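In this text the structure is predicted, and so the values were computed from the model without any measurement. Note: hydrogens, waters and symmetry copies are ignored here, and every other heavy atom, side chains too, is used. Chain letters run A, B, ... following the sequence lines, proteins first, then strands; residues in each count from 1.
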Amino acid sequence: MRVLCVAEKPSIARSITGILSGGQYSTRNTGNNFVKNYDFDYPQTNSTFTVTCVSGHLTSQDFGEAHRKWNSCDPFALFDAPVETLIPPDKKSIERNLRTEGGRADTLMIWTDCDREGEHIGMEIARVCRKAKPNIVVKRARFSAIIAQQIHHAAQHPIELDRAQAEAVEARILLDLKVGAAFTRMQTLALQRQFAQLEGVLSYGPCQFPTLGFVVQRYNRVKAFRPETFWYIYLSLTRDGEETKFTWKEGHLFDQGGAARIYEIVLQNPRARVIRVTKKDTKKWKPLPLTTVELQKAGSRLLKLAPKKVLDVAEKLYQQGFVSYPRTETDQFDPQFDFMTLIGKQTVDPAWGEFARTYQNGGFGVPRKGKNNDKAHPPIHPTAHAGNLVGDEKKVYEYITRRFLACCSKDAEGSQTTVEVVCGGEDFYPLPLGLIVLQRNYLEVYPYDKWIGHTVPNFQEGEEFDPSVCELREGQTSKPNYLTEADLVTLMDKNGIGTDATIAQHIQTIVDREYVVERMEGAIKYLVPSTLGIGLIDGYNEIGKSFSRLLSFTRLTFLVHQTERRMVQVCERTTTKNDMLQTSLDQYKHMFIIARREFDKVATVGLITHSHSAWKLMVSHRVLGDTLVQVLLEGQEEVEEAVVVEEEEEAVVVVVVVVEMGVMVATARQAEEEEVPLLHAAEVAVVEAALEVQLLLLLTPILKVRAFGMISLTHA
DNA sequence: GCAAGGTC
């Protein structure tokens with residue numbers, strides 16, 4: 001019997017060949033550079049095997065001729081337009097290979113990843129092979145890890161493809177295409193009609209839009225923030241020249257009178273008494289096995305690489321055979337995973353080799369188990385030692401390796417001392433708590449985690465003392481920060497926006513569309529929405545307000561969840577693909593009709609905030625020298641061409657009039673129309689010079705505004 | 001000129 005095995009990607013084809021053939025196989029090239037055909041005998045089922053693969057989805061979907069061109073139809077018609085499935089040119093060679101090999105086989109065995117998309121890819125493969133050989137028997141191999149025993153079991157006990165899962169994916173594909181295309185065309189064309197100069201596409205998608213929404217949501221919180229004053233009792237003891245600070249168990253109160261009354265009572269009896277000293281063993285847990293999302297978060301936070309970049313680098317390392325498959329949701333290792341061999345490969349490393357050698361002598365600890373398992377790939381780990389890497393590849397490889405070694409090491413151990421103090425009837429405890437680090441364990445190989453010991457004086461239970469300081473102090477709530485890339489990855493992951501493999505792409509998309517600007521502050525990269533981004537989200541929210549929030553950003557996120565739930569229902573066969581598609585499409589159609597009717601609001605209310613005859617427009621944020629500068633655009637009937645530069649710290653606002661010749665600093669005032677001191681001439685010159693250099697950068701988002709025809713800005 | 005999902 002001849003069996004054709006088809007995997008989802010070249011790496012899996014190679015691995016299962018290695019396992020099933022026991023290393024005895026021959027290789028044939030195909031018309032595609034990445035795809036090889038492997039031939040061998042598989043006596044266990046009395047068969048001849050050929051293993052090959054596709055490269056992800058085989059087909060792509062698009063509208064037919066009548067709807068493909070942007071101006072060929074009303075965008076609304078796209079919801080009911082027929083969609084064609086075709087094999088894109090770069091996949092033709094793979095299709096030809098499948099036809100040739102399928103024509104020769106009795107059985108087709110699908111070895112795609114065991115997830116929804118894998119089931120759909122399996123159907124695509126089956127369709128092509130059936131064309132070449134209509135009576136071919138189609139089977140599916142089920143495996144959850146590339147481990148010899150599992151792969152053999154899968155080859156000998158194949159199951160059937162799951163049509164329901166494939167159909168759920170089909171519904172997703174159609175929904176994404178129709179909703180994305182309809183809204184993108186409607187938005188773009190509507191604004192182009194209004195503002196002829198508008199360039200570029202204003203894309204809309206069920207993933208990119210909520211992603212943008214997160215950025216704008218945080219931006220609004222930062223903008224709306226007003227510091228609040230709070231009061232707390234501060235206690236400290238200086239003994240032998242060392243100060244121990246105590247934290248009030250109540251934390252802090254926003255009620256000054258209340259705090260003052262408690263403080264008065266404390267003052268009546270300000271002698272402190274130690275009521276309890278406890279020492280207990282404590283641990284700092286080693287990290288969980290590494291998933292794609294965690295790698296991207298770490299990459300952004302620790303390695304200062306954008307999520308997309310981290311994934312690209314990891315992909316390269318994977319192709320060179322240094323790390324395992326980098327797209328995985330799994331944060332638990334299979335119990336049979338061969339840890340020791342992989343750790344052994346790291347013993348030659350000059351930096352962590354010595355530590356890797358300790359694992360054989362009791363240094364090994366079974367990795368923690370996370371909650372996720374995609375049943376297709378293990379957590380990301382090094383597969384070989386790489387000694388000659390440089391730059392980003394070195395950084396990412398080092399992180400993956402140290403993370404793996406940390407997972408296989410032991411939790412750090414310490415001893416923590418808690419001291420409870422009562423003073424005037426109020427409870428206090430020293431902060432930081434006393435900590436002695438006893439065993440660093442995993443921390444030795446994982447410098448990304450910090451755990452620093454801290455001593456507290458040797459207090460005795462029952463001991464009394466007079467605090468060195470006992471005061472009612474005042475503090476202020478601190479301003480939230482803009483969203484970092486790592487924050488955004490976390491939010492998307494938590495809210496189910498995108499997948500491990502696509503989260504980075506969606507972030508890239510909103511940057512490419514100029515909905516969001518990246519801003520460095522020190523070593524941290526923040527994401528700040530542009531005028532356009534804020535305008536779109538605010539605009540939709542504005543419409544949402546009048547229509548039971550149907551279009552608000554939270555609602556959009558909710559729709560993504562609903563779609564996901566319905567997909568699960570299709571998989572579980574509690575609803576059909578067509579019903580699910582119809583329900584979802586109806587929902588989006590309803591949204592579309594309102595959005596189009598109200599779209600003027602996106603253009604005006606969203607992009608401009610009216611205030612009397614003047615209007616102000618948040619544009620963007622840039623660093624001017626070392627100072628954070630917030631740029632506002634302000635127009636009045638008499639001053640049409642104006643830029644307002646606000647220096648936040650000093651609360652100085654410079655109004656810059658943009659004239660055809662360049663930039664001129666004209667006047668100064670605060671955003672709230674209060675009188676503030678004019679800038680010194682020297683400062684004006686600095687601002688002027690900096691603006692000249694940065695004007696083009698600065699004005700990029702503003703030019704959008706000009707394109708919208710709301711103000712006629714001219715720049716050199 | 002549109003989406004999001006695979007993968008290279």
Check: What integer distance in Å separates A/K36:NZ from B/dT7:P?
Finding: 19 Å
Next item on the list: Find the distance between CZ (A/F183) and CD (A/Q187) and round it off to the nearest 0.5 Å.
Entry: 8.0 Å
Next item on the list: Could you tell me whether A/G498 contacts a base, only the sugar-phosphate backbone, or nothing, with contacts defined as non-hydrogen atoms closer than 4.0 Å?
Entry: sugar-phosphate
Check: In whole Å, what is the span from the CD1 atom of A/I503 to the C1' atom of B/dG5?
Finding: 13 Å
Checklist line | Proximity to the side chain of A/K9 - top-ranked nucleotide from B/dG5, B/dC2, B/dC8 | finding: B/dC8
Check: Which pair of heavy atoms, one from A/F592 and one from A/A182, lies closest together, and at what distance?
Finding: CE1-O, 3.5 Å
Margin query: With a 4.0 Å cutoff (strictly under), does any side-chain N or O of A/T499 reach OP1 or OP2 of B/dA4?
Written below: no
Checklist line | Distance in angstrom units between A/R14 CZ and B/dT7 C1', rounded | finding: 14 Å
Next item on the list: Give a yes/no on whether any side-chain N or O of A/Q208 is located under 4.0 angstrom from OP1 or OP2 of B/dA3.
Entry: yes
Item checked: Nearest-neighbour nucleotide for the A/T502 side chain, B/dA4, B/dG5, B/dC8 considered -> B/dG5
Check: Is there a stack between A/W70 and B/dG1, judged by ring centres under 5.5 Å and planes under 30°?
Finding: yes
Note to self: So for A/D62 and B/dC2, does any side-chain atom that can act as donor or acceptor lie under 3.5 Å from a complementary atom in the base?
What the structure shows: yes
Check: What about the rings of A/Y588 and A/F79, do their centers lie closer together than 6.0 Å?
Finding: no
Notebook entry, point to check: Under 3.5 Å, is there a donor-acceptor pair linking the side chains of A/N373 and A/Q332?
Noted result: yes
Checklist line | A/R513 side chain near B/dG1 phosphate (N/O to OP1/OP2, under 4.0 Å) | finding: no
Next item on the list: Among B/dC8, B/dC2, B/dA4, find the nucleotide with the atom closest to the side chain of A/C207.
Entry: B/dA4
Note to self: Can you measure A/D512 atom CG to B/dC2 atom P for me and round it to whole angstrom units?
What the structure shows: 11 Å
Notebook entry, point to check: Parallel, tilted or perpendicular: which fits the ring planes of A/W111 and A/F143, with parallel below 30° and perpendicular above 60°?
Noted result: tilted
Check: Is any N or O donor-acceptor pair between the side chain of A/S203 and the base of B/dC2 shorter than 3.5 Å?
Finding: no
Check: Should the pair A/Y204 and A/F209 be assigned to parallel (<30°), tilted (30 to 60°) or perpendicular (>60°) ring geometry?
Finding: tilted
Notebook entry, point to check: So, A/S584 versus A/R566: side-chain donor-acceptor pair below 3.5 Å or not?
Noted result: yes
Check: Taking atom C1' of B/dT7 as reference, at what distance in whole Å does atom NZ of A/K308 sit?
Finding: 12 Å
Next item on the list: Respond yes when some side-chain nitrogen or oxygen of A/T184 is under 4.0 Å from OP1 or OP2 of B/dG1, and no when none is.
Entry: no
Next item on the list: Rounded off to whole Å, could you give me the OH-to-P distance for the A/Y588 and B/dA3 pair?
Entry: 14 Å
Note to self: Classify A/D113 by what it touches in the nucleic acid, base, sugar-phosphate, or nothing, heavy-atom distance under 4.0 Å.
What the structure shows: sugar-phosphate
Margin query: Just N and O in the side chain of A/H506: are any of them under 4.0 Å from OP1 or OP2 of B/dG5?
Written below: yes
Check: Rounded to the nearest Å, what distance is computed from the CZ atom of residue A/R327 to the C1' atom of nucleotide B/dA4?
Finding: 14 Å
Next item on the list: Determine the contact category for A/Q61: base if any of its heavy atoms lies under 4.0 Å from a base atom, sugar-phosphate if only primed atoms, P, OP1 or OP2 are that close, otherwise nothing.
Entry: base
Notebook entry, point to check: Near DNA chain B, which residues from residues 165-179 of chain A have a heavy atom under 4.0 Å away?
Noted result: A/R172, A/I173, A/D176, A/L177
Notebook entry, point to check: Quick one: on DNA chain B, does A/V201 or A/E315 contact a more 5' nucleotide (nearest heavy atom)?
Noted result: A/V201
Item checked: Presence of A/Y318 side-chain N/O under 4.0 Å of B/dT7 phosphate oxygens OP1/OP2 -> no
Next item on the list: Look at all strands and tell whether A/P10 reaches a base, only sugar-phosphate, or nothing, counting heavy atoms closer than 4.0 Å.
Entry: sugar-phosphate
Next item on the list: Remember a base hit wins even if backbone is also touched, and classify A/T509 as base, sugar-phosphate or nothing at under 4.0 Å, heavy atoms.
Entry: nothing
Next item on the list: Map A/V54 and A/A182 onto DNA chain B by nearest heavy atom, then report which one ends up closer to the 5' terminus.
Entry: A/A182
Check: Rounded to whole angstroms, how far apart are CZ on A/F209 and C1' on B/dA4?
Finding: 16 Å
Next item on the list: Remember a base hit wins even if backbone is also touched, and classify A/K91 as base, sugar-phosphate or nothing at under 4.0 Å, heavy atoms.
Entry: base
Checklist line | pair A/Q61-A/E170: side-chain heavy atoms closer than 4.5 Å | finding: no
Check: From the list B/dC2, B/dC8, B/dG5, which nucleotide is the closest neighbour of the side chain of A/E117?
Finding: B/dG5
Checklist line | Non-hydrogen atoms of A/L108 and A/V6 that approach each other most closely | finding: CD1-CG2, 3.7 Å
